[in-house]
2 protein chains.
Amino acid sequence: MPQPQGSNGKVTIIEIADAAGVSKSTVSLVLTGRGAVKPETRQHVLQTMDRLGYVYNRGAANLRNAQSRIVGLVLNDLSNPFFAEFAIGVEKVLQMAGYVAFMANTAESVVRQEQVMRMMREHGAGGIILCPALDTRPEHLDWAKAAGTALLVAIRRLPGAETSVVVPENLVGASRVTRHLINLGHERIAFLGGMHSMVVRQERHGGFLSAMEAAGRNVDPALNLESMPTRDGGFGAMSAVLSLADRPTAVVCYNDVTAIGAMLAAARHGLVVGRDIAIVGFDDTSEARHVSPALTTVAVDPVGLGERAAALLLKQINDPSAEPESFIGPAHLVIRESCGAYQRALAAAG
Amino acid sequence: MPQPQGSNGKVTIIEIADAAGVSKSTVSLVLTGRGAVKPETRQHVLQTMDRLGYVYNRGAANLRNAQSRIVGLVLNDLSNPFFAEFAIGVEKVLQMAGYVAFMANTAESVVRQEQVMRMMREHGAGGIILCPALDTRPEHLDWAKAAGTALLVAIRRLPGAETSVVVPENLVGASRVTRHLINLGHERIAFLGGMHSMVVRQERHGGFLSAMEAAGRNVDPALNLESMPTRDGGFGAMSAVLSLADRPTAVVCYNDVTAIGAMLAAARHGLVVGRDIAIVGFDDTSEARHVSPALTTVAVDPVGLGERAAALLLKQINDPSAEPESFIGPAHLVIRESCGAYQRALAAAG
DNA sequence: TTCCTTTATTGGAACGTTCCAATAAATAAC
DNA sequence: GTTATTTATTGGAACGTTCCAATAAAGGAA
């Protein structure tokens, strides 16, 4: 039965020592498990701590040995299930290593990102995993080198920043899904969604272009539309594309969210996705499986990327002199219904 | 140009004082902005801090005045977009108040939940917002009263725990959506999904029952089926219900995820949802909008709930003697296609 | 000038922990 | 039975900050 301590709420190591009839040093030894302490003494101290409702004060401890075992996880968009899954992967690995994640959402605001990273440093975070907000400049991260804080950039590469990086194989993935559409016989293929300034879009669009060129397909600049990477953005861009005189027969979207918006727009125009038009996405979020028709997309295993990011960061924390390291996660094609391949196969068989 | 400090990485207030030719007390005054310090001195000190790359050490500061301005946010399932949105609401309010959220995911594990809450206390969190994991017992939270830590339970009410609570109007919401089905002329209505032990299910099922009874409808115990609150669970329960001799004409589901599973099962049995059978959900997740036919459901504004939870917690932190307070968030009906109301209206008009 | 008040600045004592060197007790070696 | 060695325990000095009481400097009023 925890006894709320006498006057103020905080029970300290010294009060435990007094109550247990030992010195504070002994209590400390029990706490850290470092020195040799007689089993019965240890037991007694532990009981006393339990009885008085003791809480370890990590702030005070960190004052002595700067080993905080906390790392920061800075996400640019928590409402995107992709990042939520990434976070789950990160937490899983950190937990196993006895670390705890200080997680924050910047909602694409560089200002908020700056604030949040400062807070984390002030709290003694040993490292930070950063999914950078859209307008992040590499010089925003210079403090890390100077302060010797381990910093890892994830998901969105930040050209010019000399840190470890964990990103998916955007170029290859986009190239694969585009080739898939080409193999299905499509000639006019559009690329939809994302803003030009986003590195991820540049990579994915680059993959799209390389597949098109490799197949000798013509790339119509009118079929390259930017939009915010949201459902509404995808809806708008798709509507624009469908109002063209010469419509495409297939559409590669920046990501799943955009693709789902595009599917809605197509349906609104009376098109049956997968039959009248092919639409594909990127990321393989759980939504992709559940929309109707199910979305053909590129899977990048966000949980796995998160695990990898955490592992890499821990390595860097433990060996601060190590060189920055990069991990490029695999991206593989997931064929479902929205590209029409399934229907085509059925037709061929029947 | 931040100069990485001589030997170890950490620059302290004393080094700043030495470099600026003032005392550490003066630097502290500049830092906290409390005392009266000559503008030129302040300026000079600030410049010196910038020059040496000083980082405030919150741990050391908290040692003196236990004002940490951090609060913990413990989520039971981050992969559920509902909780991600809730978290966004919480962060928004905390940020405005100059607080920072220490966020963690328990993945429904009570053990992990315990770990994570302990960590947060150890780091000096002034309060915690807890979305409890499934098997949480009220006595797991007893420490909060004893330690005087502000604790707020959100989304899942925890009977027997004497804390502030922020939850949606589950009973009223379920009652509303049930009445909607009754008004559409349904007689045999089933309730599907969720496990009996879940408080949220008890509330929603209670709302279902009250609407049925108020309308004088007969409640067939065979039409109350439990399942895990997953898509597969919904699929299984719906399949079971459809194998009954006397099928229901409408189904109220525990939540959207379950409802979507139920829709798949209905389709598999050759039924057209919205015409041959009505299916409704709860939560209004983004998926509800995008399945086909779109799901009629109950919206509960997770972001708003998050904002409210944060506001309530801050209030409690600032006035620890205040009584626990509850907020029951509104739940309103969102009519889409899966209930058949739309088709019925069309038929009436045509 | 002298005294009082306000404005700036300061050293030292906390805060709760860990570590080090020192001691006390128990065991092993001779 | 003495000495070495191991095993348990301990006080005190940090760690980086804030606060308090004290001092120094600067004006204002007599």
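Every chain is numbered from 1, with letters handed out A, B, ... down the list of sequences. No experiment lies behind these values; they were computed from the predicted model shown.
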[X] [atom1] - [N] [atom2] separation (whole Å):
| X | N | atom1 | atom2 | value |
| --- | --- | --- | --- | --- |
| A:H44 | D:dA8 | NE2 | P | 18 Å |
| B:L63 | D:dT18 | CG | P | 11 Å |
| B:I16 | D:dT18 | CD1 | P | 13 Å |
| A:Y56 | C:dT17 | OH | P | 8 Å |
| A:R121 | D:dG16 | CZ | P | 16 Å |
| B:N62 | D:dC15 | CG | C1' | 15 Å |
| A:I13 | D:dG12 | CD1 | P | 16 Å |
| A:E40 | C:dA26 | CD | C1' | 13 Å |

Does [X] place a side-chain N or O at less than 4.0 Å from the phosphate oxygens OP1/OP2 of [N]?
| X | N | value |
| --- | --- | --- |
| B:R58 | D:dT17 | no |
| B:T26 | C:dT10 | yes |
| A:S25 | D:dG12 | no |
| A:R34 | C:dT18 | no |

Checking contacts here: which listed nucleotide ([options]) is nearest the side-chain heavy atoms of [X]?
| X | options | answer |
| --- | --- | --- |
| A:N57 | C:dT9, D:dT17, C:dT17 | C:dT17 |
| B:R64 | D:dA14, D:dT10, D:dT18 | D:dT18 |
| B:K24 | C:dG12, D:dT17, D:dT9 | C:dG12 |
| B:V37 | D:dT10, D:dT18, C:dT9 | C:dT9 |
| A:A60 | C:dC15, C:dT17, D:dA8 | C:dT17 |
| A:A61 | C:dA8, C:dT18, C:dG16 | C:dT18 |
| B:L29 | C:dT9, C:dT17, D:dT17 | C:dT9 |

Next on the checklist: Main chain of A:L134, side chain of A:E108: is a donor-acceptor contact present, judged purely on distance under 3.5 Å?
Outcome noted: yes

Item to check | Side-chain heavy-atom pair A:V167, A:V153 within 4.5 angstrom cut-off | outcome: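 A side-chain contact under 4.5 Å is absent here.
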
Next on the checklist: A side-chain contact here means heavy atoms from C-beta on lying under 4.5 Å apart; do A:M119 and B:R58 qualify?
Outcome noted: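 In short, these two side chains touch, coming nearer than 4.5 Å.
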
Item to check | NZ/NE/NH1/NH2 to OD/OE distance under 4.0 Å, A:E122 and A:R118 | outcome: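 Answer for the salt bridge query: yes.
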
Item to check | Distance (rounded to the nearest 0.5 Å) between A:M49 CE and A:Q47 CD | outcome: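 Answer for the CE-CD pair, A:M49 versus A:Q47, is 10.5 Å.
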
Checklist entry - NE2/B:H123 to CG/B:N62 distance, rounded to the nearest 0.5 angstrom? => result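 If I round to the nearest 0.5 Å, the distance is 11.5 Å.
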
Checklist entry - Within the structure shown, what part of the strands sits under 4.0 Å from A:S28 by heavy-atom distance: base, sugar-phosphate, or nothing? => result base

Checklist entry - Does B:S23 get its side chain close enough to the base of C:dG11, under 3.5 Å, for a donor-acceptor pair? => result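 Such a pair does not exist between side chain and base.
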
